[in-house]
Structures are given as structure tokens and as C-alpha cells.
Amino acid sequence: MNFIIDAAVKAVKHLYQTDVASAAIGLQETRKEFEGQITIVTFPFTKFSRKGPEQTANEIGEFLKNELTEVADFNVVKGFLNISIKDEYWINQLYTQILPDSFALAQPNGKKVMVEYSSPNTNKPLHLGHVRNNLLGYSVSQILEAAGYEVIKANLVNDRGIHICKSMLAWQKFGNGETPASSGLKGDHLVGKYYVLFDKAYKTQIEELKATGQTEDEAKKNAPFIKEAQQMLQKWEAGDTEVIDLWKTMNGWVYAGFAETYKQMGVNFDKYYYESDTYLLGKDIIDEGLQKGVFFKKPDGSVWIDLTADGLDEKLVLRSDGTSVYMTQDMGTAQLKYNDYHMDKSIYVVGNEQDYHFKVLFLILNKLGKAGADGLFHLSYGMVDLPSGKMKSREGTVVDADDLMAEMEATAKEQTEAMGKVDGFAEADKLQLYHTIGMGALKYFLLKVDPKKRLLFDPNESVDFQGHTGPFIQYTHARIKSVLSRADYQLDTNIVVTELAGVERDLIVLLTQFPDIIQSAANEYSPALIANYVYELAKVYNKFYHEKSILQAEDEVLKQFRLQLSAASAKVISKGMNLLGIDVPERM
RNA sequence: GCACUUGUAGCUCAAUUGGAUAGAGCACCUGACUACGGAUCAGGAGGUUAGGGGUUCGACUCCCUUCAAGUGCACCA
């Protein structure tokens, strides 16, 4: 729609002798209740025209109608200038822009972006919160790629620390040599089981100590299990072979389990970082910061940064004993990532409880003048809540990722069979379909919500398959495919109709917006924009489908036109859903 | 206590970033032709945008304030 903007700029210049920036032209979609497709808000120009908004709008409208052959007519309602573009223009858009394979395929912009997401701990299986993280990270990666970026999907695995030692210790004490092979338990679940066992035993010990007169705090520190876990961590850091071997073995089980979960979820990574490799990094940056005067040292030897001028606090960046804290590591890891890829942007998909941490981290890297510091972004998302409140692993109220996905497939199977839609499907195709639909419902449910908002999930009330849902959109796609195959559809960009019905025009207008939607979704890192767009598209298509007969169109030319329009819709629906990491079936 | 985030129909979410009469889905009610797939479509009902003040042609959106919820404020990660 740039040609409208350019012409509007020209209109203001010509009529009122004023230069306005093209960004100042507020183009918007014309609301349904009015005539036209494009609307210009003319209030801002009244100060140049020194006339009322209606008259200003009329003058600009008149100018545009004379200036642009594409403009068929215009009308003015209050200060709103509604422009009708000729059907010829929209039809031409369908054939020359939307139908070709190049549609919505951004030119590479020469920029690199890293998206770090998932970043699990290796002491327990993934839960619903991780699912949101993974889906967001993957989808944002797809969107950025579609917007022209070269994307590196990174996973920073938290594979060391006291929590890992807890699982290891409990396994040593209670495991009796249990392995995934011996018990048939998925590796991450097996390790998670011992993490829970540790916690139980630890709590028992705390109670025992309290019975002997110790305070809660004392008991927590003195319980034998926590001491043993801490000793184990020290041994790990010292490179003790027995501990390292156990650590490797148990992490191996977890990785096998994660691989399965990731596969089900349909996400993947280009690069893995392991905290066991990176946890000592960052100390050289401390020296650098001290030299540059960004950091300062306290008498006890600890190193800090003073961010009070930025409205934040003083923040510790190195302990008095010279060891790293979380911040130290993250500075080092940021540097490592940059050295590896020299990316222009670096996105961290991490929950909003770490907002403050990333605010500080990015500020520090900026103050140090680090390359790439401008491109840092924390994609902060809200927690997933259950009706009972927050998920708590110790209280057993977590929704397990594997269980959840299995349930979604089961529900998809139930619904599909109840409708009797898979008679004649091969068994393998059925399974594939249940997976596609179940995951489609789940992914869409989680992605349609603005990332930064917290999300309510009720496990008892199964995710809907009707209305504003993934399956609704998948269904629309399958339905289009069904019509196309009945008609033996072939791509043909030479069919000419001259006039559009209302729904047909609405549909094309919507289709032309797809590239812009991708760009805004990329700029805002928001899959929700794509999700809501694709839904709108599916809805308008269904309206079209009901109002207009395709196979029984009035004549052959019209039939072919509607087939092309249907094919274009199916393509955009499919591409849009793929940006969310959702597959669309040919039949369902 | 301080900081950040959120608050929109009974429920779950939108609102083109300051624009028109705040829109969808679920649930509820009514309807859809021996027609291309009824996981669909058309219609009804449902709102003091948490409350109050301000900024201006115009506010769900920006500012102030009160209230409610969440998160963070470790020499943990």
C-alpha cells in the first residue's frame, strides 16, 4: 500500500504546501461497516489545511482519485477518508503477488540472529512451562527466518550444580542400579523420580533435626543429605572420576528422554551450549570491567557494579572468594556466543521472573561497550498458571509435558473417531493425523496469547477443537484441499475476472497483508500476531465458502478464479501455521 | 517496603501501537436449501475497558493516583 502513502504525502504537499513524513500517514483497514478497503485518518492534517476534518478529507480524497488510477472512489465519514480500490487491482494482486511461490518469502536481509530457548535443567522432565518456552522459541525462530534473518537456534543446557547432585545422590542411595533399560522408564522421568526422592528424604531429616531442638534454618543446613550433596558438587568440580562418570551416565539418560520430547514437540536446535563448559567463563570480563571503571571492588575483594544512576541497585558480579555468580557466567556466555557467530541480534527466551536479571545483564554489556550489545533482547513470557494457582513440582501439581502431549493426541483421536472422519485411512496415517491435530490444538492454544501475558491452563477442561483453535484452522485447510482435488486444480494465473463479490475482495485484501504481518511478528517477537491473523483468514475463507459455490460457480471462468483464490488461501494458511510450528493435514 | 508486569463480556483472548458504535471464541438461545466436508455458517443476548482524576479534536492505549493479582529484590541458578 506504499503507493497510497506516497500519493497522500504528495497530496498534503500539493494542497497545503507542507512536507509530512510517510510514517505520519496513518493507513488502516477500513472497518467493515463502511465502504472501501483503505482508510486514512485526516485529523493530523487539519493543522496544515486549516480546515475542518471533513473538508480536508474530501480534498485529499479528490486528489488521490485524480492522481491514482487504482482508486475507484472514496467517501468521508467524520475525519476518516475511506478509499475504494478498483477490483482490477485486487485481482491483479492475487495473480501476480499472492499465487507465485515467492509470496511472503522475504529476501535475506543479511542479518544473523540467535534465539536461545528451552534451556532445561537436567534433573527433571519438562513441564507445561517449558512447553510454552519451547513453542515460543521455535516459532519466533521460524518467524525471524521468514522475515529474512539467518537464525541460529541455541539451547543452553543447565547440566551441573547442586540440583543435579541431588538426583545423583538419591540414585546412589535408593536406586539399586535402576536404569531406563531395566525399568522401562523414560530417562528424564527416571532422574526426576530421584530428584523427588531426595527432597522427601531431605525433608524427613529436617524434621528429625527439628525434633532434637534445632531451628528450621539450622536443620536445613545440617541435614546429612544436603551436606553429602554439597560434597558431591565439590568432587564434581574437582573432577572426581567416579562422580563425573555417574554424572555423565545420568545426564545421558536425560538427554535421550529430552530428545524424544523435543521430537514430539517438533522443535530442534542448531547449537547446544552446556553450562558445565561455560560456568567458569566471565572472569576475564571482570578484569576488563575493572580496568574500564565500569565495575568496582569492595574491601573484601568482591566486585560490583553501581547501577543506581540507572534506577537500579548495586549488583554483585564476582564473589569475594573470586568465584562466579550467575551474572558472571551469563556475561561470559554472551561473549562466547558472540565470538562463535557474530550475530546482530541475540534473543533470550526466558520467563518473566528473570526480567531484572536480564535488564542488568544487558545494561552491563552495554556499559562495557561489547559488540552486539545493542542487539540483545529478553523475550520475556508470563508464567503458565493452573486454576489452582502456580505449578509446584514439590506439591505434584506440575503438568508433565509428555503426559500432556499424549493426552492431546488421545483427545484428538476420540473426537476424530466420533465424527467418523477417518474411515478409509491407513492405520499409520491415522496416528499421524491424531498427532497433527492434538499438537495443533495444544500449540495454537499456547501461542495465540501474547507472550508477555500469563496464561491460564485448565487440565481438566480439555483444550477446545472448535472455534478459535488450531483444529478449526487445520479443518479449513483440509476442506480447501478437498475441493481442489475434486476439481483437479492446476495453478493458472491467466484467468481473468473483472468483478469481485464482497467476500472475495475481503479475502484477497486479507491475503495481501500476510507479508506485513510476518514483519510485525518478527519486530515484536510475537507468534500471537500470526496466530490471530491465520484465524481471521480461515474465518473469512469459511464465510466465502458458504456464500459462494466453487465447483458449481455460474461459469467456468468464475469457477477457475475461485479455485485459484482457494488455493492461495490454503497456501497462506499452511505457511502461517508452519510459522507457529503447526502442521496442516490434507484430510482430517 | 521498593521495583517491574498484568487487570477488557460469566470464562479464554483480540483491538492495526492515540482513531470511527471496544471485537472474536467458549458457554447460553434461535436459525442454515436432498449443494463443493456441519471440527462449518448466519443471527440473538452479554461491557462504567478494576475505580478516580488528568493530557486533546479523539484514550482500552499516554501521565498521576487508589485497589487487586503475579514476579523480582541472595556473595542461589
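Bear in mind the structure is a predicted one, so any value in this text is a computation, not a measurement. Letters A, B, ... are given to chains in the order of the sequence lines, protein chains preceding strands, and every chain is numbered from 1.
- Across all strands shown, B:G1 is found opposite B:C73 as a Watson-Crick or G-U wobble partner, with both distances under 3.5 Å.
- Aromatic pair A:Tyr475/A:Phe465: ring centres not closer than 6.0 Å.
- Residues meeting the salt bridge (Lys or Arg N to Asp or Glu O under 4.0 Å) test with A:Lys543, sequence neighbours left out: A:Glu547.
- For A:Lys452, the salt bridge (Lys or Arg N to Asp or Glu O under 4.0 Å) criterion is met by A:Asp450, not counting sequence neighbours.
- For B:G43, the paired base is B:C29 (Watson-Crick or G-U wobble, both distances below 3.5 Å).
- The stretch residues 439-451 of chain A touches RNA chain B through A:Val449, A:Asp450, each having a heavy atom within less than 4.0 Å of the strand.
- Taking the six-membered ring where the residue is Trp, the centroids of A:Phe80 and A:Phe34 are separated by 6.0 Å or more.
- In this structure, A:Lys481 reaches neither bases nor backbone, as no heavy-atom distance under 4.0 Å exists between it and the strands shown.
- As judged by a 4.0 angstrom heavy-atom cut-off over every strand, A:Met383 is placed among residues making no nucleic acid contact.
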Between the protein and nucleotides 30-34 of chain B, which nitrogen or oxygen pairs are less than 3.5 angstrom apart?
none

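- Across the strands present, B:G23 finds its partner in B:C13; the criterion is a Watson-Crick or G-U wobble pair with both atom distances under 3.5 angstrom.
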Give each protein N/O atom lying under 3.5 Å from an N/O atom of nucleotides 18-22 of chain B, with the pair distance.
residue: B:A20; atom: N6; partner: A:Thr39; partner atom: OG1; Å: 3.0
residue: B:A20; atom: N6; partner: A:Asn82; partner atom: OD1; Å: 3.1
residue: B:A20; atom: N1; partner: A:Asn82; partner atom: OD1; Å: 3.2
residue: B:A20; atom: N1; partner: A:Asn82; partner atom: ND2; Å: 3.4
residue: B:U21; atom: OP1; partner: A:Lys78; partner atom: NZ; Å: 2.8

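- Glycosidic conformation of B:U17: syn, with the torsion inside 90° of 0.
- In this structure, A:Trp236 has its ring center under 6.0 Å from that of A:Tyr279.
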Pull out every protein N or O sitting under 3.5 Å from an N or O of nucleotides 2-10 of chain B, one pair per line with the distance.
residue: B:G7; atom: OP1; partner: A:Lys453; partner atom: NZ; Å: 3.3

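- At a threshold of 4.0 angstrom between heavy atoms, the contacts of A:Ile550 include nucleobase atoms, whether or not backbone atoms are also involved.
- Judged by distance alone, the side chain of A:Arg132 and the main-chain N or O of A:Pro451 form a donor-acceptor pair under 3.5 Å.
- Looking at A:Thr416, its side chain comes within 3.5 Å of the base of B:A39 through a donor and an acceptor atom.
- Of the N and O atoms on the side chains of A:Asp583 and A:His435, not one donor lies less than 3.5 Å from an acceptor on the other residue.
- When the options A:Tyr356, A:Tyr348, A:Phe377 are evaluated for a ring pair (Phe, Tyr, Trp, His ring centres under 6.0 Å) with A:Phe362, the one that passes is A:Tyr348.
- Within 4.0 Å of A:Ala487, counting heavy atoms only, lies no atom of the nucleic acid at all.
- Using a 4.0 Å heavy-atom cutoff across all strands shown, A:Asn158 reaches sugar-phosphate atoms only and no base atom.
- Here B:A14 presents its C1' atom at 8 Å from NE2 of A:His468, a figure rounded to the nearest Å.
- If you check every strand for non-hydrogen atoms under 4.0 Å, A:Glu536 touches nothing.
- Here the C1' atom of nucleotide B:G72 and the NE2 atom of A:His378 are 12 Å apart, to the nearest Å.
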